[in-house]
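Heads up, the thing below is written out as structure tokens.
Letters A, B, ... are given to chains in the order of the sequence lines, protein chains preceding strands, and every chain is numbered from 1. Since the structure is predicted, the reported quantities are computational estimates derived from the model, not experimental observations.
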Number of protein chains: 2
Amino acid sequence: MVMVRERARETRGSGARQRLTARDWADAALAAMGEGGLAAVAVEPLAARLGTTKGSFYWHFTNRDALIEAALERWEESRTEAVIAELAEEPDPGARLRRLFVRGTHRAAEDPLEVSLLASAADPRVAAALARVTDRRIGHIAALYAELGFPEDEAQRRGLLAYTTYLGHAQLSHAVPGTLPAGDARDRHLDAVLETLLRPAGTTGTSPDVREVSPDTRASESAAERG
Amino acid sequence: MVMVRERARETRGSGARQRLTARDWADAALAAMGEGGLAAVAVEPLAARLGTTKGSFYWHFTNRDALIEAALERWEESRTEAVIAELAEEPDPGARLRRLFVRGTHRAAEDPLEVSLLASAADPRVAAALARVTDRRIGHIAALYAELGFPEDEAQRRGLLAYTTYLGHAQLSHAVPGTLPAGDARDRHLDAVLETLLRPAGTTGTSPDVREVSPDTRASESAAERG
DNA sequence: CCATGACCATACGCTACCGTATGGTCAAAA
DNA sequence: TTTTGACCATACGGTAGCGTATGGTCATGG
């Protein structure tokens, strides 16, 4: 089963032969990681998938660990950029937080990479990357809460809770998707969650004086996104 | 750590060996799973750890899959019993929910087994076990909310949110423990989270009319528990 | 007292993967 | 045109684990 390698040599610049770069390998590693976790980042299967052999890999990387590190680095920066891209749009911090949460959960439901990384947190490199990204994200969410008028410690606490909720949601949507509402009900659920996360504190008590959640600021954005 | 194997009858040099049961293997598998995930449930390392050989294992089990299934079954029922044990104590549903949440998060922080299982949710057997346990737990929490007076759909929604929060918290405490407050601050954080999860709905709005969280019903129970 | 069967040890072949060694190919530089 | 060096193919040896085969040991019942 030899691959038909097309040698379409463009006359200029981009050496259009099927030669690979270290980044190609890192991307493939990330993809494999999303599908099978850290253990799926294996040189020989990746080589087969890329239509090449180990000879190529060991030219670009000293060993498998180096590949893992490169992949994590790539993930980390791409995620940071994605978050920053989210930031730039909305002027209203409340709407920013809503969009952040909704798009984050949507993406987590589709893309297993993030959950896979969490699942591989036993590895110290993965743990380090996760720690950096997590800190940055929680800090960012806390800043949004602060912008909304919450005092610093309360903003920090709520940022942590919001991110905790996001993580749990991502976990559920991947491991036990049946528990989560689907379709319209999903957006309604997310709205209710956001309502809970944003509701001001102060009315302590367990007695449920329950009324309808007023649907004035729905956050349903059923949009597919790219990264 | 590993227990000292008592060799009951030592009248003859070093001949007398301890015989194992299938349950011993299942327990060892669960322990290994907590430490290294599903991949750590490997016959030969387990045999070494148990001070025996593969010969013993393949007497009690047909193959590795059978061991995994047995271990999961054992986990599932032990967890169910644990939850039921929690149930029986408190008469007040609000306090039950608090204790459930606090003890759950405490245990998750100490025992990596649950997080490891989540990390191995790619395996269909693990996914099935997780699905059963998750459904039962969410149902139980929702029932507590219902007992507190929330209407059925709201109780369901809040049960899901509470469990989502638990999962995210467990995940964080394992993967990025630095983000979570420690010591006293942890209990305060948990109290605040519970306050948020139990607060009645209805006061929609983003404007933070923030006051102090009244510390009338603290849920600090720094107790070690057994399973 | 020996025969049986439950239980364990050991040796073997198999697969998947890691990493090395070494030679092949091909575009561009010399 | 020859040479160079970046890039890839292939063969090799090593390790870890799965599963099988087969024989060893020991308690108990006949």
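Taking a cutoff of 4.0 Å between a charged side-chain nitrogen and a carboxylate oxygen, R49(A) and E35(A) qualify as a salt bridge. A salt bridge links R96(B) to E147(B): one of the charged nitrogens lies within less than 4.0 Å of a carboxylate oxygen. Note on E69(A) versus R74(A): no salt bridge recorded, every NZ/NE/NH1/NH2 to OD/OE distance being 4.0 Å or above. With salt bridges taken as basic N to acidic carboxylate O contacts below 4.0 Å, none links R157(B) and E152(B). Between R137(A) and E114(A), at least one side-chain N (NZ, or NE/NH1/NH2) sits under 4.0 Å from a carboxylate O, which counts as a salt bridge.
Among residues at least two apart or in separate chains, ring-ring contact (aromatic ring centres under 6.0 Å, His included) pairs with a member in residues 36-57 of chain B are W25(B)-F57(B), F57(B)-F61(B).
What separates CH2 of W59(B) from P of dA6(C) is a distance of 5 Å, to the nearest Å. The separation between H60(A) atom NE2 and dG19(C) atom C1' is 17 Å, rounded to whole Å. Across the protein-nucleic acid pair, L20(A) atom CG and dA6(D) atom C1' stand 13 Å apart, rounded to whole Å. Distance, L67(A) CG to dC18(C) C1': 13 Å, rounded to whole Å. In this structure, L46(B) atom CG and dC8(C) atom C1' are separated by 16 Å, rounded to whole Å. R19(A) has its CZ atom 11 Å from the P atom of dA6(D), to the nearest Å.
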What does nucleotides 17-23 of chain D look like as a protein-contact string, B for base, S for sugar-phosphate only, - for none, at under 4.0 angstrom between heavy atoms? BBBB---
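Here the shortest heavy-atom pairing between A155(A) and A142(A) reads CB-O, 3.5 Å.
Taking a pair as Watson-Crick or G-U wobble with both distances under 3.5 Å, the runs of three or more consecutive pairs in DNA chain D are C:1-30 with D:1-30.
A donor-acceptor pair is defined here as one N or O able to donate and one able to accept, closer than 3.5 Å; such a pair exists between the side chain of T196(B) and the backbone of A192(B).
Remark: S56(B) is not in phosphate contact with dA9(C), judged by side-chain N or O atoms under 4.0 Å from OP1 or OP2.
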